[in-house]
Q: 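Here it is, the structure, as structure tokens.
What you see is a predicted model; the values in this text were computed from it and never measured. Note that these values count all heavy atoms, side chains included, but never hydrogens, waters or copies made by symmetry. Chain naming here is simple, since letters A, B, ... match the order of the sequence lines and numbering starts at 1 in each.
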Amino acid sequence: MKSVKELFSEQEIVAERARRVYVKISKDKLRDVVKKMVELHDGQVYLSCITGVDWIDRMEVAYNIWVLPESCNYTLKVDLPRDNPEITSISDIIPGALFHECEVYDLLGIVFKGNPILKKPFILPEGMKKEFPLRKDYKI
Amino acid sequence: MSSFLGKIIRWSLRRSPWILHFNSGSCNACDIEILAALTPRFDVERFGIKIKASPRHADILVVTGPVTKQQEPRLKRIYEQMPEPKYVIAVGTCTTWGSVFHGSYSTLDGVYKAIPVDVYVPGCPPRPEAIILGFAKLFEKIERGED
Amino acid sequence: MGLKPKIVEKVLSNLLKRPFTEQYPFEKPVIPDGFRGVMKLDVDKCIGCGLCSRDCPSGAIEMKKYEHANRSVPVFHLYRCTFCYQCADSCPVKAISMTPVYELSTPDPFKLILEPKPEEVKPRPRGVRK
Amino acid sequence: MSIIELIFGPQHPALHEPEMFRFHVDGEKVIEAIPRIGYVHRGIEKLFEQKTHVQNIYLSERICGICNVAHTLTYVNVIERAGDIDVPPRAKYLRVIVAELNRLHSHMLLLGAVAELMGFTTLFMLIWRDREKIMDLVELITGNRVISAYNTIGGVRRDIDSDKADKIRKVLLKVEEEWKEYKKTWMEDPTITRRTMGVGILKPRDALKYCVVGPVLRGSGVKSDVRKDDPYEVYGDIPFNVVTYDTCDSWARYMVRVDEILESINIILYALDNLPQGEIRRPLVRRLPEAEAFAKTEAPRGELVYHLYSKGGFKPYRLKVRTPTFANILGATIMFKGERIADIPVILGSIDPCFACEDRHTIVDLRSGKSFMLSSREITRKFSRGSKP
């Protein structure tokens, strides 16, 4: 196997543009895929950002991982139920994910199991302990 | 303060006010213009203005930014720590109304909601000259004896 | 010693040169063309479409209705303005232009409102297109 | 000796980057650094969803005033990717010129401030004097010294004529000459080298693991530059080098910036020489189709990421911004471990957080509970006596 792209099946790849690959994978497969991505290129990958989106009927977490040798950005999208959004942390594979996960938890309330510093508030003001401002039902 | 002592204090303030710069959540543009006002080209030290690191040494508080809710208690605390008489200059448009951040869940939209302000310097960011003019306006106010 | 002769040379030569400092309150600086200062509205050109108000990122422009002339004209709240000039860009008739005025420092910013006087706002001629 | 907690902060400007560091120190040595960020959280990502695409250009600009061009550039890039808007070639070149001027001023700002922090005030004054020339150029092109409001969806807002081009060329050649001199100072002067060399080590493997970006990553010897790896605008056509240093310390990270200043000057000069003729902007597109786009650019502080979800219409559905310092802060906590208190400002400076934060630190003695305040310069002075050769 030479390219990260071969890790995914045809159905999983949602869209492809120049140096961008958008992939939709299941929650259970995520850790496995990230681990393989890191191993494949001997650690020459870094996490650009984790985007959380509230789609009202579901939550989406998108991991944007830049693969240096391939010069390509992989967006791994995972769908989560909205009433109990929970996913296993990848911070033990890529420690750089620590803060990104905290941020998503703070703003959207997606729980990353296994993240040692997950807490609220992380970037929000002290008073906002229970609010998730980036959810669509949050009114200013 | 109309006593003789008050006059002396005002005179000395006019001659060499020490400022404290506090960033209450601005985008940094006003901050670098304040810094630029201290460097060779604009050089506010011509007027005896000197930037200090501690609020206990400062006479004038220079605030930038729309005041985030996180910074609000810190801003108030710093203001309380400054010795009397104290003055506040608010630099930048966001200090009056929040400008583009107006209506955000985590800003106060205006320094005046946290502490009293003496002079505003609108601009986004204002030129260093406008900041110097802000100081001049404040000196006028001090000389008139207003608090 | 690690003294860099070049730096020392520079420091010494600066001693002999004219000061770099601008003597601001006594000498006004030269403002380049196109400096984004306070805006100017050409009331006669304005068609009252409200595009400037819609595109303003900080809500600094309000459309004010002048009953006697039966038209709306933008009012600029300078204490909210970020001087980005998107209003001038959006304006279909180029009624907003820039001036190099930047000295706005004031103890009372909420009075900084650019509002055309009622007598400046004349009714627009009907049926005439330029 | 007992472990003392030292609080560092909490003033800090840009979007997510304001921070307070809690250092656990044993004597002189830092054992652990715990950042608390969010002091300047202004809820910008929520505001994005309430404003239109056009208004958002100016909101994104005010995430960080220092690298404002990088922010608008990434923002218009992400919109153009989502809406398939093409940009005239002249506008692309002009965007590069202004973006590189922005990088110049940002790097000079940092290097000057750091020089002052290390007690080299002469260099600080000299660098900031040169920086004013760059600010004048920015003002000449864009109409304001700092916030440029230059990029717009589908092009740029102002053109430059040959007079302005000549002036830029003339000033830049002068600045380049000066910077070659300053580079020697940064490489050789003991005031700088003794304070920065071997301080704040971040090994390449750690750098990748902790996902640091920009000059911090390049200072660790990893050849990664968004301008080269993922060329946007016309960076693919412009020849330039990716600067890397492999000593992995603070000095390497500063030297990357010094060299990048020289590279940036060359990029601008090349772009001016090859500036194509033609229009500078397309008609403004206010409405986007349903789309998703991901754009990144090389801001002065490193990779800047915008991730846009659009459901169609005038407003974005979700716009995620990842600013470079947010990524670098975690790397900084690794650098601090095992270093002296006196080196904290130098190391924190080497990741280039926006610098105004550095002015107020509190030291709390856990044993007595007494707290007192010191500025970074006082800290430097207080703790550097006798602690460094």
Side-chain angles (χ1 to χ4, degrees), chain B residues 27 29-30 33 36-47 62 66 87-104 109-112 116-142 144 146-147, chain C residues 7 10-11 13-15 17-39 53-62 75-88 98-114:
Chain B
C27 69
C30 300
E33 290 296 75
L38 294 161
T39 49
R41 171 132 169 230
F42 303 101
D43 195 18
V44 287
E45 284 188 29
R46 283 179 292 151
F47 310 106
V62 180
Y87 301 91
V88 178
I89 293 183
V91 176
T93 300
C94 24
T95 54
T96 54
W97 200 68
S99 91
V100 287
F101 310 117
H102 185 84
S104 164
D109 299 333
V111 175
Y112 66 94
V117 180
D118 294 293
V119 173
Y120 288 89
V121 185
C124 197
R127 283 175 69 92
E129 284 98 345
I131 298 173
I132 295 172
L133 186 74
F135 282 113
K137 287 261 159 103
L138 181 66
F139 294 156
E140 272 174 28
K141 207 175 166 177
I142 294 172
R144 282 203 307 271
E146 291 169 22
D147 276 321
Chain C
I7 277 233
K10 190 169 259 165
V11 171
S13 72
N14 278 340
L15 273 179
K17 276 187 201 153
R18 220 182 102 251
F20 183 68
T21 309
E22 282 176 12
Q23 305 293 326
Y24 162 63
F26 316 108
E27 289 169 29
K28 300 278 175 204
V30 185
I31 306 287
D33 286 351
F35 177 78
R36 283 182 278 128
V38 176
M39 57 285 281
S53 158
R54 214 180 66 185
D55 277 347
C56 180
S58 55
I61 305 173
E62 269 176 285
V75 171
F76 297 89
H77 297 264
L78 288 185
Y79 62 91
R80 304 178 185 179
C81 179
T82 58
F83 305 101
C84 63
Y85 278 92
Q86 179 60 44
C87 45
M98 43 188 103
T99 61
V101 177
Y102 62 91
E103 290 163 312
L104 290 172
S105 312
T106 163
D108 196 5
F110 298 104
K111 284 189 186 145
L112 289 175
I113 297 172
L114 276 189

Q: Answer yes or no: does atom CG of C:D33 have more than 12 heavy-atom neighbours from other residues, nucleotides or ligands under 6.0 Å?
A: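 No, not enclosed.
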Q: For B:F42, does its backbone N or O pair with a side-chain atom of C:T21 as donor and acceptor, under 3.5 Å?
A: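 Such a contact is absent between C:T21 side chain and B:F42 backbone.
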Q: Chain C heavy atoms under 4.5 Å from B:R41: which part of the residue, side chain, backbone, both or neither?
A: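 When you check distances to chain C, atoms from both the backbone and side chain of B:R41 fall under 4.5 Å.
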Q: Indicate the ring-plane relationship of C:F26 and B:F47, choosing parallel, tilted or perpendicular according to the 30° and 60° boundaries.
A: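 C:F26 and B:F47: tilted rings.
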Q: Grab the two heavy atoms, one from C:Y24 and one from B:R46, that are nearest each other, plus how far apart they are.
A: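 Reported closest heavy-atom pair: N-NH1, 3.6 Å.
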Q: Measure the CZ-CZ distance between C:F83 and C:F76 for me, rounded to the nearest 0.5 Å.
A: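 Nearest 0.5 Å value for the CZ-CZ distance: 11.0 Å.
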Q: If I measure from the heavy atoms of chain C, does B:P40 come under 4.5 Å with its side chain, its backbone, both, or neither?
A: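 Contact with chain C involves both backbone and side-chain atoms of B:P40.
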Q: With a 4.5 Å heavy-atom cut-off (strictly below), which parts of residues 98-106 of chain C touch chain B? List them by number.
A: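 Residues C:Y102, C:E103, C:L104, C:S105, C:T106 are the ones that qualify, each having a heavy atom under 4.5 Å from chain B.
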Q: For the backbone of C:R80 and the side chain of B:T93, can you confirm whether one donor and one acceptor N or O come within less than 3.5 Å of each other?
A: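 No.
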Q: Is any side-chain heavy atom of B:L138 closer than 4.5 Å to a side-chain heavy atom of B:E140?
A: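 A side-chain contact is absent here, since even the closest heavy-atom pair is not under 4.5 Å.
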Q: I'd like to verify something: which residue of B:L133, B:T96, B:V121 has the highest number of heavy-atom pairs under 4.5 Å with chain C?
A: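 Between B:L133, B:T96, B:V121, the count favours B:L133.
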Q: Can you tell if the side chain of B:K141 reaches within under 4.5 Å of the side chain of B:D118, non-hydrogen atoms only?
A: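 In short, these two side chains touch, coming nearer than 4.5 Å.
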Q: What part of C:C81 is in contact with chain B, defined as an atom under 4.5 angstrom from a non-hydrogen atom: side chain, backbone, both or neither?
A: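 Just the backbone, heavy atoms under 4.5 Å.
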